[in-house]
Q: 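First, the structure itself, so that you have it in front of you.
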Amino acid sequence: MFNDRVLSGMRPTGRMHIGHYHGALRNWIRLQEEHECLFFVADWHALTTHFDETEAISDTVWEMFVDWLAAGLDPTRATLFIQSRVPEHAELTLLLGMIAPVGWLERVPTYKDQQQRLADRDLSNYGFLGYPVMQSADILIYRANMVPVGEDQVSHIELTRELARRFNHIYGQETGFEEKAKAAVKKLGSKKAKRYNELRAAFQEKGDEAALATARELLEDTQNLSLGDRERLFGWLEGARRVILPEPQPLLTEAPRVPGLDGQKMSKSTGNAIFLREEPAEVTRKVRTMQTDPARVRRTDPGNPELCPVWSLHQIYSDQTTRDWVWKGCTTAAFGCLDCKQPVIEAILKEQAPMHERAQKYLDDPQLVRSIIADGCERARKLAEETMVDVREAMGLRYT
Ligand code: TRP
Ligand code: SF4
């Protein structure tokens with residue numbers, strides 16, 4: 001409904017590893033070339049599960065930002081910020097909480113999953129139940145339409161869409177909506193107005209989804225509308241409500257599974273990770289001692305790449321020629337595992353060299369990251385405030 005805007009967040013986990021890079025960061029870095037982007041560290045989200053482990057949060061947040069910048073996020077292109085530094089997120093979370101049915105929250109699949117997976121933690125809190133509402137607020141407060149996330153987060157985006165729809169339904173009513181909408185149509189100019197009315201009729205009378213999409217594009221290309229009229233015209237397409245909070249879409253880009261050194265999912269907490277700014281000697285040592293096909297005990301035993309996590313790294317780091325070489329050499333025992341690992345080691349070192357280089361100025365001057373993030377928080381806050389003005393107004397909290 002507004003311009004394309006990308007938003008995503010990550011919990012503060014500290015140093016980033018190559019799993020984060022290939023799973024999310026690389027995609028963010030690509031997106032910043034094409035779209036307006038906002039990326040943040042979701043520090044309040046950490047408290048929903050780890051409310052009693054707060055001493056390390058601030059260090060981990062700064063480490064993460066250094067890694068984000070080192071990986072190639074560019075603060076002149078993307079707005080980087082800390083969730084809790086934009087307290088409007090809390091205000092919108094509270095307000096959305098008023099219309100979030102508890103049943104919806106209990107049915108979010110991660111709710112029960114996490115309670116089972118983190119059985120040793122006390123997750124019977126209001127904050128934990130409500131954390132998808134907070135995630136919805138994170139997204140809706142920027143009226144972001146694209147949210148790059150992994151498969152595990154799709155149910156949260158779906159909830160965000162439902163909450164936005166419910167919000168617009170309840171608070172998008174205004175007296176005299178129809179007259180105001182019709183007046184706004186006139187402001188499009190006669191040609192566009194005619195086209196708008198045709199497309200609206202095609203959607204409303206025949207359920208023509210393509211017409212709806214075209215009409216939205218037409219509105220997106222129209223510059224000289226006030227915010228209120230935009231909301232009315234988007235809302236009028238579908239019904240008799242303003243669209244104050246547009247519904248976002250998940251942006252699912254296929255991300256390779258990055259195995260850890262033991263073949264399990266890479267994770268900092270299980271100690272099987274290769275970090276983004278790892279010393280080259282450490283990268284070499286870690287890959288050289290990495291788990292391989294367990295059946296390949298001796299150099300002369302042929303192996304099965306399908307059972308080997310190193311093969312998964314070749315999928316990420318090697319070209320087809322190298323992969324053919326691996327497959328043949330492994331299954332015929334033509335070489336040993338150390339030979340096989342060498343191209344992976346080299347590719348990781350090559351990937352990381354520019355990261356070390358970019359990180360240096362931030363390590364030399366820790367103030368630099370602080371000031372980049374302070375700018376980002378300020379920019380984010382301005383955008384968040386624009387939405388909140390509208391939200392408060394729609395909810396009757398304007399007090400003029
Ligand atoms: N819940 C997400 C995760 O655990 C992080 C997150 C918080 C997020 N708020 C967000 C992701 C908003 C996308 C958009 O990975
Ligand atoms: Fe794995 Fe390569 Fe060893 Fe085969 S040769 S088991 S693919 S490390």
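Remember, it's 1-based here, ligands and their atoms both numbered in the order they're listed. When reading the values below, keep in mind they use all heavy atoms of this one structure, side chains included, and skip hydrogens, waters and symmetry mates.
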Q: Could you go through the salt bridge (charged side-chain N to carboxylate O under 4.0 Å, His left out) check for Arg121 and Glu53 one step at a time?
A: CA-CA 11 Å; Arg121 305 206 72 88; Glu53 289 178 20; 3.4 Å; yes
Q: In the protein, what heavy atom is nearest to atom 8 (C) of ligand 1, and what distance, to one decimal place, separates them?
A: Gln135 NE2, 3.4 Å
Q: So for ligand 1, is Tyr131 a polar contact partner (N or O within less than 3.5 Å, distance only)?
A: no
Q: Would you indicate whether the side-chain heavy atoms of Pro250 and Gln153 approach each other to under 4.5 Å?
A: no
Q: If you measure only the distance, is there a donor-acceptor pair under 3.5 Å linking the side chains of Asp319 and Thr322?
A: yes
Q: Report, in ascending order of atom number, the atoms of ligand 1 lying under 4.0 Å from any heavy atom of Ser8.
A: 13 (C)
Q: I need the atoms of ligand 2 closer than 4.0 Å to a non-hydrogen atom of Asp293, numbered in the order shown.
A: 6 (S)
Q: To check your reading of the model: name the closest protein heavy atom to atom 5 (C) of ligand 1, its residue, and the distance in Å.
A: Gly9 O, 3.6 Å
Q: Any atoms of ligand 2 less than 4.0 Å from a non-hydrogen atom of Val310? List them with their elements.
A: 8 (S)
Q: Less than 3.5 Å apart, any donor N or O on the side chain of Gln32 or Asp74 sitting next to an acceptor on the other?
A: no
Q: Nearest to atom 5 (S) of ligand 2, what protein heavy atom do you find, and at what distance?
A: Arg296 NH1, 3.0 Å
Q: Applying a 4.0 Å heavy-atom criterion (strictly less than), which segment of Asp152 is in contact with ligand 1: side chain, backbone, both, or neither?
A: neither
Q: In terms of residue, atom name and distance, what is the protein heavy atom nearest to atom 3 (Fe) of ligand 2?
A: Cys337 SG, 2.3 Å
Q: May I ask you to check whether Trp44 and Tyr131 place their ring centres under 6.0 Å from each other?
A: no
Q: Would you say the side-chain atoms of His17 pair up with the backbone N or O of Gly19, donor to acceptor, closer than 3.5 Å?
A: yes
Q: Which of the numbered atoms in ligand 1 are below 4.0 angstrom from a heavy atom of Ile139?
A: 12 (C), 14 (C)
Q: Where does Trp44 meet ligand 1, judged by heavy-atom distances below 4.0 Å: at the side chain, the backbone, both, or neither?
A: neither
Q: Tell me the protein heavy atom at minimum distance from atom 9 (N) of ligand 1, and give that distance in Å.
A: Asp138 OD2, 2.8 Å
Q: Assess whether ring pair (Phe, Tyr, Trp, His ring centres under 6.0 Å) is satisfied between Phe81 and Tyr142, documenting all intermediate values.
A: CA-CA 13 Å; Phe81 67 99; Tyr142 300 105; 5.6 Å; yes
Q: Just which atoms of ligand 2 are under 4.0 Å from any heavy atom in Thr292?
A: 6 (S), 8 (S)
Q: Test of understanding: given a 4.0 Å heavy-atom threshold, classify the contact between Met134 and ligand 1 as side chain, backbone, both, or neither.
A: neither
Q: If we ignore angles and hydrogens, is there a donor and acceptor under 3.5 Å between the side chains of Thr110 and His156?
A: yes
Q: Go through the steps for Lys182 and Glu178 under the test salt bridge (charged side-chain N to carboxylate O under 4.0 Å, His left out), then give the verdict.
A: CA-CA 6 Å; Lys182 283 180 176 160; Glu178 187 166 340; 3.0 Å; yes
Q: Between Arg143 (side chain only) and Ile244 (backbone N and O only), is there a donor and an acceptor less than 3.5 Å apart?
A: yes
Q: Among His45, His89, His156, Gln153, which one puts a heavy atom closest to atom 3 (C) of ligand 1?
A: Gln153
Q: Give a yes/no answer: is there an N/O/S atom of Cys340 under 2.8 Å from atom 2 (Fe) of ligand 2?
A: yes
Q: Without swapping roles, check the side chain of Tyr317 against the backbone of Glu351 for a donor-acceptor pair under 3.5 Å.
A: no
Q: Mark up the atoms of ligand 1 that fall under 4.0 Å of a heavy atom belonging to Val149, in ascending order.
A: 13 (C)
Q: Say whether Gly303 and ligand 2 are in contact under the criterion: heavy-atom distance to a ligand atom below 4.0 Å.
A: no
Q: Provide, to 0.1 Å, the distance between atom 4 (Fe) of ligand 2 and the closest protein heavy atom, together with that atom's residue and name.
A: Cys330 SG, 2.3 Å
Q: Just which atoms of ligand 1 are under 4.0 Å from any heavy atom in Val147?
A: 13 (C), 14 (C)
Q: Does the gap between the ring centers of His45 and Phe128 come in under 6.0 Å?
A: no
Q: Considering heavy atoms of the protein only, find what lies nearest to atom 1 (Fe) of ligand 2 and give residue, atom and distance to 0.1 Å.
A: Cys308 SG, 2.3 Å
Q: Say whether Asn27 and Arg30, considering side chains only, have a donor N or O and an acceptor N or O under 3.5 Å apart.
A: yes
